[in-house]
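Computed from a prediction, not measured in an experiment: that's the story for all the values here.
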Amino acid sequence: MTSLDPAAQPAGPFDPPGVTWDRVSPRLITARLVVLALTFGLPLVACAVVAALVTPWVWIPAGVLAALLLWTVLLVPRQVRAMGYAERDDDLLIRKGILFRQLVVVPYGRMQFVDVEAGPLDRKLDIAKVQLHTAAASTDAVIPGLAPDEAERLRDRLTARGEARLAGL
């Protein structure tokens with residue numbers, strides 16, 4: 001868990017003053033690149049085989065897939081570095097995005113439950129995802145790429161803060 005220096009960040013609607021952001025694990029970059037390799041790599045290989053054996057015009061879709069793969073490989077590390085979360089007294093802040101930035105503020109009293117998830121690739125890379133569930137179905141309160149012990153700590157802390165806020169209502 002690496003903290004981002006709030007003084008080094010530009011002020012604005014996505015960087016509230018006095019907030020120290022915690023980053024997600026850099027291992028999330030590897031997880032996302034593996035998924036991209038499977039998503040774009042397998043069709044790219046299939047296009048290359050068909051182009052080599054059957055007809056050369058299939059190199060056009062292969063080139064498009066290669067360009068998309070290259071673009072996303074360059075973009076994923078920046079996306080992961082832009083992710084962060086911060087616990088404040090009354091709410092949890094989650095930010096993400098480079099071009100289309102997003103800041104989600106989840107008041108502790110609005111949380112219904114907190115999930116910790118880790119798929120096979122996540123377990124192999126020793127990361128987990130914390131997802132907060134609120135009454136609003138459109139809330140995207142997900143923090144991917146946390147170390148399992150940090151995900152467990154965050155889950156317990158958010159649950160305790162949520163229960164304390166509900167008890168105070």
Side-chain angles (χ1 to χ4, degrees), residues 1-40 68 71-169:
M1 175 171 70
T2 307
S3 295
L4 300 174
D5 180 18
Q9 300 294 322
F14 299 102
D15 295 305
V19 173
T20 301
W21 294 97
D22 294 317
R23 284 186 155 169
V24 299
S25 172
R27 291 186 297 261
L28 182 60
I29 296 170
T30 304
R32 291 196 169 180
L33 290 177
V34 167
V35 171
L36 282 172
L38 294 174
T39 303
F40 288 111
L68 285 172
W71 173 255
T72 53
V73 163
L74 295 173
L75 191 62
V76 164
R78 290 197 56 204
Q79 286 177 331
V80 171
R81 284 192 304 268
M83 292 179 185
Y85 67 97
E87 296 176 67
R88 296 196 303 185
D89 293 336
D90 296 322
D91 50 30
L92 176 74
L93 305 176
I94 303 170
R95 74 174 184 182
K96 62 183 176 181
I98 301 168
L99 184 58
F100 297 98
R101 298 181 75 187
Q102 180 181 23
L103 176 67
V104 178
V105 180
V106 182
Y108 296 127
R110 295 294 207 168
M111 289 188 292
Q112 292 181 335
F113 61 97
V114 181
D115 278 339
V116 176
E117 301 174 12
L121 181 59
D122 294 335
R123 289 192 307 272
K124 178 74 174 165
L125 294 171
D126 199 32
I127 57 176
K129 173 175 73 170
V130 173
Q131 183 169 6
L132 298 114
H133 297 273
T134 65
S138 63
T139 302
D140 186 19
V142 177
I143 308 171
L146 296 175
D149 57 334
E150 173 63 10
E152 182 180 359
R153 183 203 67 81
L154 189 60
R155 179 201 63 209
D156 293 343
R157 187 169 168 106
L158 293 174
T159 302
R161 284 184 168 187
E163 288 173 356
R165 293 293 186 262
L166 284 176
L169 290 177

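Inter-residue side-chain proximity for Leu28 and Met83 is flagged as met; some heavy-atom pair is nearer than 4.5 Å. Contact annotation: the side chain of Glu152 never approaches that of Val116 to less than 4.5 Å [non-hydrogen atoms, C-beta and beyond]. Considering only heavy atoms from C-beta on, Thr72 stays 4.5 Å or farther from Thr39 through its side chain. Using a 4.5 Å cut-off on side-chain heavy atoms (C-beta onward), Glu150 and Ser25 make no contact.
Arg27 contributes atom CZ, which lies 7.0 Å from atom CD1 of Ile127 (distance to the nearest 0.5 angstrom). Expressed to the nearest 0.5 Å, how far CZ of Arg95 lies from CZ of Arg101 amounts to 6.0 Å. Taken to the nearest 0.5 Å, the CD atom of Gln112 stands 11.0 Å off from the CG atom of Leu132. Between Leu93 atom CG and Asp22 atom CG the span is 11.0 Å, to the nearest 0.5 Å. Expressed to the nearest 0.5 Å, how far CG of Leu154 lies from OG1 of Thr159 amounts to 9.0 Å. Interatomic distance, CZ of Arg32 versus CG of Leu125, reported as 12.5 Å (0.5 Å rounding).
Summarising the geometry of Leu74 relative to Arg78, their closest heavy-atom pair is O-CG, 4.4 Å, with the distance given to 0.1 Å. Nearest heavy atoms, Ala141 versus Val106: CB-CG2, 3.7 Å. Nearest heavy atom pair, residue Ala82 against residue Ile98, reads CB-CG1, 4.2 Å. In terms of heavy-atom proximity, Glu87 sits nearest to Arg153 at OE2-NH2, 3.0 Å. Across all their heavy atoms, Pro148 and Ala128 have their closest contact at CA-CB, 4.5 Å. Contact between Met111 and Thr134 at its shortest, heavy atoms only, is CA-CG2, 4.3 Å.
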Mind running side chain to side chain contact (heavy atoms under 4.5 Å, CB included) on Val130 and Tyr85 for me, showing each step along the way?
-> CA-CA 11 Å; Val130 173; Tyr85 67 97; over 6 Å; no
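Residue pairs that meet the salt bridge (charged side-chain N to carboxylate O under 4.0 Å, His left out) test with at least one member in residues 102-127, sequence neighbours left out, are Glu117-Lys129. Pairs of residues two or more places apart, or lying in two chains, that qualify as ring-ring contact (aromatic ring centres under 6.0 Å, His included) and include a residue from residues 89-132 are Phe113-His133.
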